[in-house]
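A short worksheet on the structure shown next.
Remember, it's a predicted structure, so these values are computed and weren't measured experimentally. Letters go in sequence order (proteins before strands), and every chain restarts at 1.
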There are 2 protein chains.
Amino acid sequence: MNDDTWKVPEIAVAVDLAVLTVLADSLQIMLVERGIEPYLGTQALPGGFLSSVDESLDAAAERELTEETGLDPVGLHLEQLHTYGAPDRDPRQRVVTVCYLAFVPGLPPPVAGGDARSAAWVPTKTALHPGTELAFDHKKIIGDAVERTRSKIEYTTLAAAFCGPEFTVTDLRRVYEIVWDEKLDPRNFHRKVTGVENFLVATGTQTTRQGGRPAALYRRGPARLLHPPMLRPAAPKPDASQTS
Amino acid sequence: MNDDTWKVPEIAVAVDLAVLTVLADSLQIMLVERGIEPYLGTQALPGGFLSSVDESLDAAAERELTEETGLDPVGLHLEQLHTYGAPDRDPRQRVVTVCYLAFVPGLPPPVAGGDARSAAWVPTKTALHPGTELAFDHKKIIGDAVERTRSKIEYTTLAAAFCGPEFTVTDLRRVYEIVWDEKLDPRNFHRKVTGVENFLVATGTQTTRQGGRPAALYRRGPARLLHPPMLRPAAPKPDASQTS
DNA sequence: GCAAAAGTGTTACTCGTACACCCATGG
DNA sequence: CCATGGGTGTACGAGTAACACTTTTGC
């Protein structure tokens, strides 16, 4: 061995969270302000080190979600996104972070609560803007999270995870339009989603609206996969080779 | 991220490999026999601990691939599959393993070589059989790898990664049929894959065959995504009206 | 010629898209 | 009545599935 400055031979394992919501006509991500060095005062993804010895990665992700954002993990979608382990991603020591992706409805929680210090929703466009400074490699992680989200709602029913317990077909369509940043035909969208078995369950009630026909309210059904998938509008000229 | 106290639990980070190939009419996975406890003598995925401080996860995966299987990582597909970190998955200590998925052509390497001790191709059906004993949680990992592979070849051109440098349309079709365990119509398959831009590049040469018209040989083109996707034959609908 | 495998043509059907049109409410 | 948004009908075209048919080799 050597006498170098870093005396900790172990690699630290962290769990970070990319918590997304659809709010105010944009896809937003939960960021917290760092209270310690490095990157003190910079915005970062909520997360922390895997502490307890008997805690699974999934459990650690749920715990961090509650501790740092005050959200209740029961019932909301939480999946592994990717694991990041570049040697220089943390200046203190080698850190490998397992990042999780979560979808939460926009309306219920006004953020904050619990242990969270200055947790805030930030539009992903702002977070990904070249001028925005984020801690560690979190900007890249957010980019991956947004891309995963965009493709995930194509073939799963997870877009409904961004809606409240009861929602209209138009609410759901707005989620797609905001996440994809594409306009969708309201008529065809309606026919499509109402035609998928077990996707939407009619409550029988309707919205009371101002100026316009009331819309039927739905709850999420048990279906988890979209069959057939909801395809993004094709780019005008998809010529030549595509790279993933 | 938090922690004013800089305590790091003793967690080891490993990189495991799920290396798949199509060989002898079946989807096979590379397994090695463990030379140390625990699970001494049991078959396991190739892999090892992340040792060097300056090594990225991707680089570690490539290194393990070369060391344990003798395969050359240049040009072959290698992607992160999932990270496994159940507290009790290794009886010695807490181990979090980042698993990678690799596709290699079946023909070239007769396995073994380098540091590999008894590396062998094992049909995934055998590895996943209830009677088969594998080290750690590797059976679950293999199940995840197979499922990822099945869906991946639907919308990417990666099925060609299982073929040699030059291959026929029928070779490619056999890959799909073996991975999906489904029969595909040769005529429609041919039209479809040859119609996708930049998927297959004709070499101009043909196979010399025994009994049958020679087939044109192709190389992989630059396309990485299949547009439109190759869909698995739908499972028979649970239609109550008719039974056999 | 015959068997075997490669490759093409044709038709029917499904599904997505575009858009005309009707329905139900508030003002 | 009119504006606004919810929801249905329908025609067209792209893409798939099924299968008859032609092509090119070895024996």
Side-chain angles (χ1 to χ4, degrees), chain A residues 25 153-155 159 163 166-177 180 182-197 199-218 225-239, chain B residues 25 153-155 163 166-177 180 182-197 199-219 223 225-237 239:
Chain A
D25 285 339
I153 63 174
E154 282 190 319
Y155 57 94
C163 299
E166 295 195 354
F167 52 92
T168 67
V169 171
T170 298
D171 292 337
L172 186 62
R173 177 168 50 82
R174 293 222 201 288
V175 168
Y176 275 95
E177 291 180 338
W180 284 345
E182 301 266 10
K183 282 289 169 205
L184 300 177
D185 186 298
R187 290 80 57 107
N188 293 333
F189 183 86
H190 186 281
R191 199 193 341 259
K192 174 131 192 174
V193 296
T194 54
V196 174
E197 294 278 320
F199 185 11
L200 303 181
V201 179
T203 63
T205 55
Q206 293 189 331
T207 49
T208 307
R209 308 186 43 72
Q210 67 297 348
R213 175 175 169 176
L217 282 168
Y218 294 89
L225 294 177
L226 265 191
H227 240 11
M230 180 84 56
L231 296 174
R232 271 185 263 196
K237 189 68 171 171
D239 189 56
Chain B
D25 285 340
I153 64 175
E154 281 191 319
Y155 57 96
C163 300
E166 296 195 352
F167 53 91
T168 66
V169 172
T170 298
D171 292 337
L172 186 62
R173 178 168 50 82
R174 292 220 202 291
V175 168
Y176 276 95
E177 291 181 336
W180 284 345
E182 301 265 9
K183 282 289 167 204
L184 299 178
D185 185 297
R187 292 80 58 109
N188 293 334
F189 182 87
H190 186 281
R191 199 194 341 260
K192 173 132 192 175
V193 296
T194 54
V196 174
E197 294 278 320
F199 184 12
L200 303 180
V201 179
T203 63
T205 55
Q206 293 189 329
T207 48
T208 308
R209 308 187 42 73
Q210 67 297 347
R213 173 173 171 177
L217 282 169
Y218 295 89
R219 259 191 276 273
L225 295 177
L226 265 191
H227 234 17
M230 181 83 57
L231 295 174
R232 272 186 262 196
K237 266 176 65 174
D239 187 25

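- A side-chain donor-acceptor contact under 3.5 Å links B:Lys192 to the backbone of B:Pro229.
- When the salt bridge (Lys or Arg N to Asp or Glu O under 4.0 Å) test is applied to B:Glu182, no partner is found at least two apart in sequence or on another chain.
- Residues of residues 168-176 of chain B having a heavy atom closer than 4.0 Å to DNA chain C, listed by number: B:Thr170.
- Rounded to whole Å, atom C1' of C:dG16 lies 17 Å from atom NE2 of A:His227.
- Looking at A:Thr203, its side chain does come within 3.5 Å of a backbone N or O of A:Leu217 through a donor-acceptor pair.
- Annotation: the span from B:Leu172 atom CG to B:Thr194 atom OG1 amounts to 10.5 Å, rounded to 0.5 Å.
- Rounded to whole Å, atom C1' of C:dT17 lies 18 Å from atom CZ of A:Arg232.
- In this structure, CG in B:Leu226 is found 12.5 Å from CD in B:Glu197, a value given to the nearest 0.5 Å.
- In this structure, A:Leu217 places its CG atom 12 Å from P of D:dG6, rounding to the nearest Å.
- Phosphate proximity of D:dG6 to A:His190: absent, as no side-chain N or O sits under 4.0 Å from OP1 or OP2.
- With hydrogens and angles disregarded, no donor-acceptor distance shorter than 3.5 Å links the side chain of B:Thr168 to the backbone of B:Ala216.
- Rounded to an integer number of Å, the gap from B:Phe189 CZ to C:dG7 P is 12 Å.
- Between the side chain of B:Arg191 and the base of D:dG15 there is no donor-acceptor pair of N/O atoms closer than 3.5 Å.
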Between the protein and nucleotides 21-24 of chain C, which nitrogen or oxygen pairs are less than 3.5 angstrom apart?
unit_1 : atom_1 : unit_2   : atom_2 : d
C:dC23 : O2     : A:Arg213 : NH1    : 3.2

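- Residue B:Lys192 places none of its side-chain N or O atoms closer than 4.0 Å to OP1 or OP2 of D:dG15.
- What separates OH of A:Tyr218 from P of D:dG6 is a distance of 12 Å, to the nearest Å.
- With distances taken from any side-chain atom of B:Asp185 to the nucleotides D:dC19, D:dT16, C:dT17, the minimum falls on D:dC19.
- B:Asn188 has its CG atom 11 Å from the C1' atom of C:dG9, to the nearest Å.
- Distance A:Leu184 CG to C:dC19 C1': 16 Å, rounded to the nearest Å.
- Looking only at distances, no side-chain donor or acceptor of A:Tyr176 sits under 3.5 Å from a matching main-chain atom of A:Met230.
- Here A:Pro186 lies out of heavy-atom contact (under 4.0 Å) with every strand.
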Could you walk me through whether A:Tyr218 and A:Phe167 pass ring-ring contact (aromatic ring centres under 6.0 Å, His included), step by step? CA-CA 5 Å; A:Tyr218 294 89; A:Phe167 52 92; 7.2 Å; no
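- Residue A:Tyr155 holds its OH atom at 10.5 Å from CD of B:Glu154, rounded to the nearest 0.5 Å.
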